[in-house]
2 protein chains.
Amino acid sequence: MHSHAAHDHREPTGKALTSAAQKTLEAAGEQWTAMRQRIFEVLATFDKPASAYDIAEAVSKAEGRRVAANSVYRILDLFVGANLARRVESANAYVANSHPGCLHDCIFLVCDSCGQTTHLDDDAITASVRGVATGAGFSPKRPVIEVRGTCADCEDPD
Amino acid sequence: MHSHAAHDHREPTGKALTSAAQKTLEAAGEQWTAMRQRIFEVLATFDKPASAYDIAEAVSKAEGRRVAANSVYRILDLFVGANLARRVESANAYVANSHPGCLHDCIFLVCDSCGQTTHLDDDAITASVRGVATGAGFSPKRPVIEVRGTCADCEDPD
DNA sequence: CATTATATGTGATATTGTAACGTCGCGGGT
DNA sequence: ACCCGCGACGTTACAATATCACATATAATG
């Protein structure tokens, strides 16, 4: 996937991904706490965007104690700020960034049927989006590019 | 603005816009009721994206009776479906479509500081977004392209 | 007019997101 | 060791956004 990118995106998984996330967060001058690790791990295991409440529920179950959505939001905000996670605006949900530390604007393909969300990078497109914004006298900070539609599996279930 | 579009976009305002909206909705086989007109008018007078609750409140005040958010959502959904209005996903809010009847994918520039939102059309960009989605085996239905940032006025207040 | 479909009203409830404030543990200064 | 300040997290309350179920009203149709 996104093999068109100029640089290679090997996607770390499991422990490697968590470890990469830790390095990135610490490099940003933030602490890597047990709670943050737990939330990152849970987020990373979801196969589709997870809401803060989804995560709170999953963590609560895993820890055997109540974890409030509140706390999850705080940590998700931190993750988004440090590029460990992304918010999918059209789904009110979050996904782990599979290559933290590299900070593309990104494109999400969100299936209306199953919720599966694919992450693409296409610097040409995102640059042109920023370009038209700038051309209109606007200072772009965060392009939100998401495509709602139907994924291959739902479109054509063999 | 968006003078690059292949066809002319004169932007109807006030009564002309309402009338254009009516024609479009009726052409879609839906009724143009007093309630729908009221909601469209109120939406069109907002100078920035309005939430369903903003609209419910404004209509309630204008009508001197309680109009529930519920009813507003129903009508907004209808409007979005008929292209009379658009939802700004990253703001949980809606804007009137200033040229109903013509249905571009569109690009919103949303100012994080003042909320002002500018609507651009750029068919080259939206086509390329749909293109990468299709290239990934995805069937795009509704691209969501929004740019969060700072508008000219907030960036550089003379 | 009677029948049916569509539109709206109403209250309840679910989901998503923030605010305010308290507690705990950790590190630095004294 | 003690105090202090700070960041992380817990806890409660609440605000904002969104949907559901069902009643009523209004419009379209025969």
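The sequence lines fix the lettering, A, B, ..., with proteins before strands; numbering per chain opens at 1.
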What protein N or O atoms touch nucleotides 10-13 of chain D N or O atoms at under 3.5 angstrom, if any, and at what distances?
residue	atom	partner	partner atom	Å
D:dG10	OP1	A:R65	NH1	2.5
D:dG10	OP1	A:R65	NH2	3.4
D:dG10	OP2	A:S71	OG	3.2
D:dG10	N7	A:R74	NH2	2.7
D:dG10	O6	A:R74	NH1	3.0
D:dT11	O4	A:N70	ND2	2.6
D:dT12	O4	A:N70	ND2	2.8

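A:I107 pairs in a side chain to side chain contact (heavy atoms under 4.5 Å, CB included) with only one of the listed residues (A:D122, A:V144, A:V129), which is A:D122. Considering B:T118, B:L120, B:L109 in turn, B:L109 is the only one that fulfils the side chain to side chain contact (heavy atoms under 4.5 Å, CB included) rule with A:F138.
Between B:R36 atom CZ and C:dT6 atom C1' the separation is 8 Å, expressed in whole Å. In this structure, B:E57 atom CD and D:dT17 atom C1' are separated by 14 Å, rounded to whole Å. The distance between atom CZ of B:R38 and atom C1' of C:dA7, rounded to the nearest whole Å, is 18 Å. The distance between atom CG of B:L76 and atom C1' of C:dA7, rounded to the nearest whole Å, is 15 Å. Summarising the geometry, the separation between OH on A:Y94 and P on C:dT16 is reported as 11 Å, rounded to the nearest angstrom. Atom-to-atom, CG of A:D54 to P of C:dT15 comes out at 10 Å; the value is rounded to the nearest Å. The distance from atom CH2 of B:W32 to atom P of C:dA7 is 13 Å, rounded to the nearest whole Å. Rounded to a whole Å, the CD atom of B:E26 is 14 Å from the P atom of D:dA27.
To the nearest 0.5 Å, atom CD1 of residue B:I75 and atom CG of residue B:L84 are 11.5 Å apart.
Here A:S51 reaches the OP1 or OP2 of C:dT16: one of its side-chain N or O atoms lies under 4.0 Å away. Side-chain nitrogen and oxygen atoms of A:R87 include at least one within less than 4.0 Å of the OP1 or OP2 phosphate oxygen of C:dG17. Distances shown here put every side-chain N or O of A:N92 at or beyond 4.0 Å from the OP1 or OP2 atom of D:dT17.
Donor-acceptor pairing under 3.5 Å, judged by distance alone, is present between the side chain of B:Y53 and the base of D:dA18.
Which of D:dC9, D:dT17, C:dT18 sits closest to the side chain of A:Y73 comes down to C:dT18. Here D:dC9 is the nucleotide among D:dG7, D:dC9, C:dT16 with the atom lying nearest to any side-chain atom of A:T33.
Of the charged side-chain nitrogens involved, at least one lies within less than 4.0 Å of a carboxylate oxygen, so that A:E89 and A:R87 count as a salt-bridged pair. Checked for salt-bridge contact, A:D105 and A:R130 meet the test: a charged N lies under 4.0 Å from a carboxylate O.
Comparing B:Q31 and B:A52 by the nucleotide of DNA chain D that holds the closest heavy atom to each, the one mapping nearer the 5' end is B:A52.
At the heavy-atom level, A:E30 lies under 4.0 Å from the strands shown only through sugar-phosphate atoms.
Relative orientation of the B:F108 and B:H119 rings is tilted, given thresholds of 30° and 60° on the angle between their planes.
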side-chain contact (heavy atoms from CB on, under 4.5 Å) for A:W32 and A:Q37? Distances and angles first, verdict last.
CA-CA 7 Å; A:W32 184 255; A:Q37 172 160 339; 2.9 Å; yes
